[in-house]
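Report on the following structure.
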Amino acid sequence: MPQTPDDLDAVAVRTWCSLALEALGRERAAIDAINVYPVADGDTGTNLYLTVESAAAAVEAVFAAHETGSTAPAPADAVRAMAHGALIGARGNSGTILAQLLRGMAGVLSESGDADHLRAALTEAATAARQAVAHPVEGTVLTVATAAAEAAGATGGTRLTDVLDAAYDAARTALAATPGQLAALGRAGVVDAGGQGLVTVLGALLEAVGGRAQERGVRPAPEHAPLTGDCADAGPDGGPAFEVIFLLEASDDAVARLRSRLDALGDSLVVVGGDGLWNVHVHVDDAGAAVEAGVEAGRPYRIRITHFAADRGATHREPAQRAVVVVVPGDGLSGLCAEAGATTVLARPGEPPASGELVDAIRRAHAREVVLLPNDAQLRHTAAAAAEQARAEGIRVALVPTRAAVQGIAALAVHEPDRSFDEDVVAMTSAAGATRYAELAVAERQSWTMAGICQAGDILGLIDGDVAVIGQDVPDTARTVLDRMLSAGGELVTLVLGEDVPDALADELGAYIREGHLAVDTVVYRGGHQAAPLLIGVE
């Protein structure tokens with residue numbers, strides 16, 4: 001058990017995130033099962049897990065940046081990283097509200113982590129979460145957060161455990177009462193799923209500061225819970241068809257106008273964030289109008305649109321025998337792989353997918369057997385964790401250790417669902433392994449490389465992950481890279497062009513390959529918005 005600290009320091013924040021992620025991992029399926037409000041789409045536990053996973057990853061990044069130093073990160077850096085990670089990784093209604101709760105806490109705890117500031121942090125969190133929700137409803141996570149804050153504020157102790165003991169117990173009591181406050185919960189005989197998730201997160205914080213371990217398991221609702229309160233009749237029986245979530249770079253004034261417009265379009269509106277970065281969540285019938293509203297307000301990105309009816313229907317259909325899940329670096333390849341029948345996960349520049357997103361994709365593939373292609377050497381541990389979790393759910397998963405998108409394309413090209421699973425995996429692994437890969441990148445700063453010293457703005461040619469060529473422009477560097485790769489032989493060159501690369505480059509490189517290597521074929525794909533201007537594969 002951790003020692004009881006007088007202040008919530010960076011190590012305690014790290015431990016909190018780790019314990020919360022572990023607990024939500026255990027309870028994810030059970031929380032999903034009691035998710036009936038605002039939409040009974042059975043994903044609250046998963047969304048909370050993904051949100052906390054992003055928060056934990058951000059905190060780990062802060063610690064990794066301090067590995068060479070002798071001191072731990074500043075507490076303020078840890079709590080701010082936690083809040084930012086939750087904001088950019090928030091999923092669903094529950095995850096978005098949790099992100100705002102963590103953001104509210106971080107704003108106070110960045111000043112100090114003592115008991116007085118913790119009391120104030122819980123109060124600020126509850127207030128901020130209510131303000132983020134367009135139409136707050138009692139019997140939800142908001143009620144649980146308020147009860148925890150009020151109980152914490154009433155304590156006079158100077159120890160963190162005193163404050164958190166009171167907050168945790170009050171949250172559990174408030175959670176037990178939620179079926180009597182919200183008709184949808186009362187009818188289903190369950191407590192609020194989002195509130196259950198918050199209790200789990202608060203329990204992890206209590207344990208992280210040296211308090212008692214939280215009770216395991218999802219709390220059942222009391223039998224015959226009476227309906228009380230003004231919101232007893234709240235809760236839609238139907239509701240909008242789509243859930244729309246996106247990150248938004250916009251000013252405060254633009255977001256205020258966006259709130260009004262989205263509120264008129266749908267319901268379950270939650271807008272969290274600040275300082276120019278926001279996470280927007282809404283349920284609407286016209287998903288396009290919601291995204292257009294975001295475009296008018298600022299720059300929306302990481303847009304996710306979920307069709308509730310499609311998801312509900314998917315859970316009842318018979319699973320396919322086999323599917324392929326592919327991580328792709330750009331939307332162009334996403335479309336290409338989807339046309340080939342694969343389920344895709346988009347890895348945006350600087351934003352690699354978390355293990356929860358990969359597990360999500362494996363579930364969406366809805367198959368008894370799944371081949372997972374991570375297409376990035378840095379994702380090997382993340383993909384392995386996702387495969388292990390999916391196997392625990394009864395899905396047979398094979399991880400083909402593809403290190404680049406062109407290797408994934410080669411593997412997908414030989415995929416044959418009609419042959420045995422083991423034979424298919426061997427063939428796909430062999431095709432990927434026989435494909436050398438390269439990419440062109442722009443140097444951001446002067447640095448040492450295996451090919452010498454590069455300057456900011458130089459074009460780097462990376463072959464099999466190592467810098468092999470330093471050039472001044474994309475065409476010349478690409479030709480040099482191709483010469484080196486084809487010197488060892490090859491039958492097929494795959495070129496994946498970035499969004500801003502003209503088609504003329506593919507024509508030039510194709511002609512260059514034909515002139516010097518008569519027996520080599522060339523295939524070209526448009527990668528869309530991807531980090532590298534050009535990806536190259538040689539089979």
Between W278 (side chain) and V271 (backbone), is there a donor-acceptor pair under 3.5 Å?
no
Atom CG of L373 and atom OG1 of T344: how far apart are they, to the nearest 0.5 Å?
12.0 Å
What I'd like to find out is whether the side chain of L346 reaches to under 4.5 Å of the side chain of V328, using heavy atoms alone.
yes
Check whether R302 reaches the backbone of I88 with its side chain - one donor and one acceptor, N or O, closer than 3.5 Å.
yes
Does the T435 side chain pair with the main chain of A431, one donor and one acceptor, at a distance under 3.5 Å?
yes
Considering only heavy atoms from C-beta outward, does the side chain of C337 approach that of L412 to under 4.5 Å?
yes
Expected output: side-chain R484 to main-chain A468 donor-acceptor under 3.5 Å
yes
Listed by chain and number, what are the salt bridge (Lys or Arg N to Asp or Glu O under 4.0 Å) partners of D521, not counting sequence neighbours?
none
Under the criterion side-chain contact (heavy atoms from CB on, under 4.5 Å), I'd like the reasoning laid out for L24 against V201: C-alpha separation, chi angles, the key distance, then a yes or no.
CA-CA 8 Å; L24 287 170; V201 171; 4.2 Å; yes
Please answer whether the main-chain N or O of N375 pairs with a side-chain N or O of T402 as donor and acceptor at a distance below 3.5 Å.
yes
Are any side-chain N or O atoms of N279 and backbone N or O atoms of L87, one a donor and one an acceptor, separated by less than 3.5 Å?
yes
With sequence neighbours left out, write down each residue that passes side-chain hydrogen bond (donor to acceptor under 3.5 Å, both in side chains) with E249, or none if nothing qualifies.
R299
Given the rule in the side-chain contact (heavy atoms from CB on, under 4.5 Å) test, do V406 and E539 qualify, once you have shown the distances and angles that lead to the verdict?
CA-CA 10 Å; V406 289; E539 299 177 47; over 6 Å; no
Mind checking salt bridge (Lys or Arg N to Asp or Glu O under 4.0 Å) for E60 and listing every partner two or more places apart, or none if nothing turns up?
R14
Measure across T44 and G194 and return the closest heavy-atom pair with its distance rounded to 0.1 Å.
CG2-N, 3.8 Å
Salt bridge (Lys or Arg N to Asp or Glu O under 4.0 Å) pairs touching residues 432-443, sequence neighbours excluded, are R436-D464
Closest approach of V52 to C17 (non-hydrogen atoms, all atoms of both residues)
CG1-O, 4.0 Å
When rounded to the nearest 0.5 angstrom, what distance separates CG in D9 from CG in L109?
11.5 Å
Given 3.5 Å as the limit, does a donor-acceptor pair link the side chain of Q100 with the main chain of G273, or not?
yes
d(E27 CD, Y49 OH) to nearest 0.5 Å is 13.0 Å
When rounded to the nearest 0.5 angstrom, what is the spacing between CG in L21 and CG in L48?
11.5 Å
Residues forming a side chain to side chain contact (heavy atoms under 4.5 Å, CB included) with E388, sequence neighbours excluded:
R391
Heavy atoms only: give me the nearest V327-P353 pair and the separation to one decimal.
CG1-CG, 4.1 Å
Check whether any side-chain heavy atom of E53 sits under 4.5 Å from a side-chain heavy atom of E357, and report yes or no.
no
Under 3.5 Å, side chain of H415 to main-chain N/O of M428, donor-acceptor pair present?
no
Heavy-atom closest pair, residues L535 and A405:
CD1-CB, 4.1 Å
What verdict does the side-chain contact (heavy atoms from CB on, under 4.5 Å) test give for Y437 and I536, after you've listed the backbone C-alpha separation in whole Å, the side-chain angles of each residue and the deciding distance to 0.1 Å?
CA-CA 6 Å; Y437 62 95; I536 302 173; over 6 Å; no
Y525/I409 under side-chain contact (heavy atoms from CB on, under 4.5 Å): CA gap, chis, key distance, verdict
CA-CA 10 Å; Y525 299 113; I409 293 173; 4.2 Å; yes
At what distance, to the nearest 0.5 angstrom, does CG of L101 lie from OG1 of T96?
11.0 Å
Hey, does H84 have a side-chain heavy atom less than 4.5 Å from the side chain of L277?
yes
Rounded to the nearest 0.5 Å, the CG atom of N35 sits from the CG atom of N47 at a distance of 8.0 Å
According to salt bridge (Lys or Arg N to Asp or Glu O under 4.0 Å), does anything in residues 366-382 pair up with another residue at least two apart or in another chain? List the pairs.
E318-R368, R322-E369, E369-R396
Distance-only criterion, 3.5 Å: show the donor-acceptor pairs between side-chain atoms of residues 445-459 and protein atoms not counting sequence neighbours.
residue : atom : partner : partner atom : Å
Q446    : NE2  : Q455    : OE1          : 3.1
T449    : OG1  : A451    : N            : 3.0
T449    : OG1  : G452    : N            : 3.2
T449    : OG1  : G452    : O            : 2.6
D458    : OD2  : Q455    : N            : 2.7

Minimum heavy-atom distance V255-A250, with the two atoms named:
CG2-CB, 4.0 Å
All heavy atoms of G294 vs all of L248, minimum pair found to be O-CD1, 3.4 Å
Apply the side chain to side chain contact (heavy atoms under 4.5 Å, CB included) test between V371 and each candidate in V425, V397, L399; give the one that qualifies.
V425
Is the backbone of V325 close enough, under 3.5 Å, to the side chain of T343 for a donor and an acceptor to pair up by distance?
no
Restricting to salt bridge (Lys or Arg N to Asp or Glu O under 4.0 Å), what partner residues turn up for D32, sequence neighbours left out?
R28
With sequence neighbours left out, the residues meeting side chain to side chain contact (heavy atoms under 4.5 Å, CB included) with A204 are W16, L19, A20, Q214
How about L492 and V538: do any of their side-chain heavy atoms sit closer than 4.5 Å?
no
Less than 4.5 Å apart, side chain to side chain, heavy atoms only: is that true for V474 and V501?
no
Donor-acceptor pair, side chain of S54 and main chain of T51, under 3.5 angstrom
no
Who are the side chain to side chain contact (heavy atoms under 4.5 Å, CB included) partners of S18, not counting sequence neighbours?
none
Run the side chain to side chain contact (heavy atoms under 4.5 Å, CB included) test against R479 and tell me which residues pass, sequence neighbours left out.
P475, D476, E508, L509, Y512
For residues S94 and V141, determine if any side-chain heavy atom of one lies less than 4.5 Å from a side-chain heavy atom of the other.
no
Can you confirm whether D275 is buried at CG, in the sense that more than 12 heavy atoms of other residues, nucleotides or ligands lie under 6.0 Å from that atom?
no
Counting C-beta onward and ignoring hydrogens, is there a side-chain heavy-atom pair between L497 and L534 closer than 4.5 Å?
yes
Could I get the full list of salt bridge (Lys or Arg N to Asp or Glu O under 4.0 Å) partners for R363, not counting sequence neighbours?
D360, E393
